[in-house]
Amino acid sequence: MSRIFSGIQPSGELHIGNYLGAVRNWVALQSQFESIFCIVDYHAIIGSFTPEDLRRRTREMGISLLAAGLDPAHCTLFVQSRVPEHTELQWIFNTITPLGELERQVAYKEKAARQEQVMAGLLNYPVLQAADILLYLADTVPVGEDQVQHLELSRVIARNWNSRFAPADAPYFPEPKPKLTPTRRIVGLDGNAKMSKSLNNTIGLLESPDDMWAKLRPAVTDPARVKKTDPGNPDKCPVIFELHKAFSPPDVVAEVDANCRGAKWGCIDCKKVLFEHMNAELTPIRTRAQALAEQPALVDDALNAGAEKARVIARQTIAHVKEQMGLA
Ligand code: TYM
């Protein structure tokens with residue numbers, strides 16, 4: 001059976017982009033594959049943060065993921081820094097990763113351009129990501145589109161290590177492939193960029209219905225549609241129609257398409273229907289999150305038990321890697 005691994009930064013509450021691009025898929029896949037999911041707090045200390053805030057955000061992410069449907073009976077869910085083998089493998093991978101491969105990563109170039117002083121951790125971020133995945137010998141990584149280039153690098157690193165330290169006919173590390181969903185890139189409410197916490201254009205998964213409606217109501221639609229009587233083009237509606245495709249049943253999506261093109265519905269009518277279908281999926285998640293937030297010890301126990309399970313595999317991998325490299 002394939003082993004799946006994926007990670008998410010502890011940004012606190014999940015947003016709809018994380019959920020549709022990755023987490024909803026994790027929930028669906030957890031009972032089909034051996035699945036390991038990680039809250040990557042070592043990745044999150046690259047930017048500015050306070051220790052109290054990081055601790056809070058990590059637990060909140062645990063709550064969001066459990067509420068969204070990850071079930072510790074079906075998957076391993078844990079916090080990265082509780083399994084020190086991640087950084088141990090990263091150091092080893094640093095020694096076989098060409099600098100040029102790191103410097104051409106788009107995410108690195110974009111973030112580095114916005115900073116006065118670039119820290120080495122920002123450059124080495126994708127090496128830690130490769131270590132996360134390969135520590136568990138995972139071959140499938142369910143992620144959104146923005147992670148695809150990092151996964152290409154994970155394959156380079158796996159190949160480099162195998163070619164130096166594994167027999168030619170028995171590669172040790174698999175070359176992990178991304179598993180994308182139809183909602184691999186959710187656009188933010190401004191209709192321009194990817195939905196992302198740092199761009200302040202998100203809808204939080206656990207936001208109240210009132211807050212969610214306050215964001216949906218003014219969200220951009222087909223710019224050519226000025227009056228309700230103007231026929232619209234759903235393919236030019238980057239946020240609302242995409243969310244309909246993600247949350248509304250196919251017959252409703254077809255109705256939305258026809259009523260937009262035929263100017264039978266205004267954009268607010270269309271948004272009201274979307275709001276109803278989003279709430280149908282999100283209300284039970286919000287309710288579960290509320291219950292979990294009242295039992296923090298339960299969440300911590302689940303994450304700690306997950307780390308213990310993860311460490312069993314992590315220790316085996318590190319032992320083999322060190323043996324092959326003359327480090328043990
Ligand atoms: P992160 O925390 O930014 O995002 C978590 C997951 O959500 C997806 N995602 C989106 N998908 C569609 N539309 C969007 N607007 C959107 N925004 C986020 C991301 O693609 C991701 O799948 N580097 C990773 C974390 C990581 C990781 C790993 C992932 C660390 N180690 C190992 C996979 C395997 C990150 O920052 O994701």
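These numbers were taken from a predicted model, which means no experiment stands behind them. First listed ligand is number 1; within each ligand, the first listed atom is number 1.
Aromatic ring centres of His86 and Tyr42: separated by at least 6.0 Å.
The pair Asp211-Lys215 fails the salt-bridge criterion, with no side-chain N (NZ, NE, NH1 or NH2) lying under 4.0 Å from an Asp/Glu carboxylate O. Between Lys245 and Asp257 there is no salt bridge, since no side-chain N of the basic residue sits under 4.0 Å from a carboxylate O of the acidic one. Using a cutoff of 4.0 Å between basic side-chain nitrogens and carboxylate oxygens, Asp41 and Arg82 are scored as salt-bridged. Between Lys228 and Asp269 there is a salt bridge, since at least one side-chain N of the basic residue sits less than 4.0 Å from a carboxylate O of the acidic one.
Nearest-residue assignment for atom 4 (O) of ligand 1 (options Ile133, Leu199, Asn18; heavy-atom criterion): Asn18. Selection from Thr202, Thr183, Asp146 by nearest heavy atom to atom 19 (C) of ligand 1 gives Asp146.
Annotation for ligand 1: atoms under 4.0 Å from non-hydrogen atoms of Gln9 are 2 (O), 36 (O). The ligand atoms of ligand 1 that sit less than 4.0 angstrom from a heavy atom of His15 are 17 (N). If you number the atoms of ligand 1 from 1 as listed, the ones under 4.0 Å from a heavy atom of Ala22 come out as 6 (C), 7 (O), 22 (O). Counting the atoms of ligand 1 from 1 in the order shown, those under 4.0 Å from a heavy atom of Lys194 are 14 (C), 15 (N). Listed by number with element, the atoms of ligand 1 under 4.0 angstrom from any heavy atom of Val143 are 22 (O), 33 (C). Annotation for ligand 1: atoms under 4.0 Å from non-hydrogen atoms of Val141 are 33 (C), 34 (C). Against a heavy-atom cut-off of under 4.0 Å, Asp132 is close to the following atoms of ligand 1: 28 (C), 30 (C), 31 (N). Remark: ligand 1 atoms within the under-4.0 Å shell around heavy atoms of Arg184 are 11 (N), 12 (C), 13 (N).
The closest side-chain donor-acceptor pair between Gln80 and Asp132 falls under 3.5 angstrom.
Closest to atom 13 (N) of ligand 1 among all protein heavy atoms lies Ile186 N, 2.8 Å. The nearest protein atom to atom 3 (O) of ligand 1, hydrogens excluded, is given as Gln147 NE2, 4.5 Å; this is a heavy-atom distance. Here the protein heavy atom with the shortest distance to atom 23 (N) of ligand 1 is Tyr125 OH, 2.6 Å.
Heavy-atom distances between Ser6 and ligand 1 reach below 4.0 Å in at least one pair.
Ring geometry, Phe173 versus Phe93: the interplanar angle exceeds 60°, so the pair is classed perpendicular (tilted spans 30 to 60°). Ring-plane geometry between Phe5 and Tyr136 is classed as parallel, the angle between the planes falling under 30 degrees on a 0 to 90 degree scale with a further cut at 60.
Rounded to the nearest 0.5 Å, atoms CD1 (Ile8) and CD1 (Ile39) are 8.0 Å apart.
Residue-to-ligand polar distances keep Ile8 apart from ligand 1: every N/O pair is separated by 3.5 Å or more. In terms of N/O distances under 3.5 Å, ligand 1 is approached by Gln129. For ligand 1, none of its N or O atoms has an N or O atom of His150 under 3.5 Å away. The shortest N or O to N or O distance between Phe5 and ligand 1 is not under 3.5 Å.
Checked by atom type and distance alone, the side chain of Arg164 never pairs as donor or acceptor with a backbone atom of Ile96 at under 3.5 Å. The main-chain N or O of Lys177 is never found under 3.5 Å from a side-chain atom of Asp139 such that the two would form a donor-acceptor pair.
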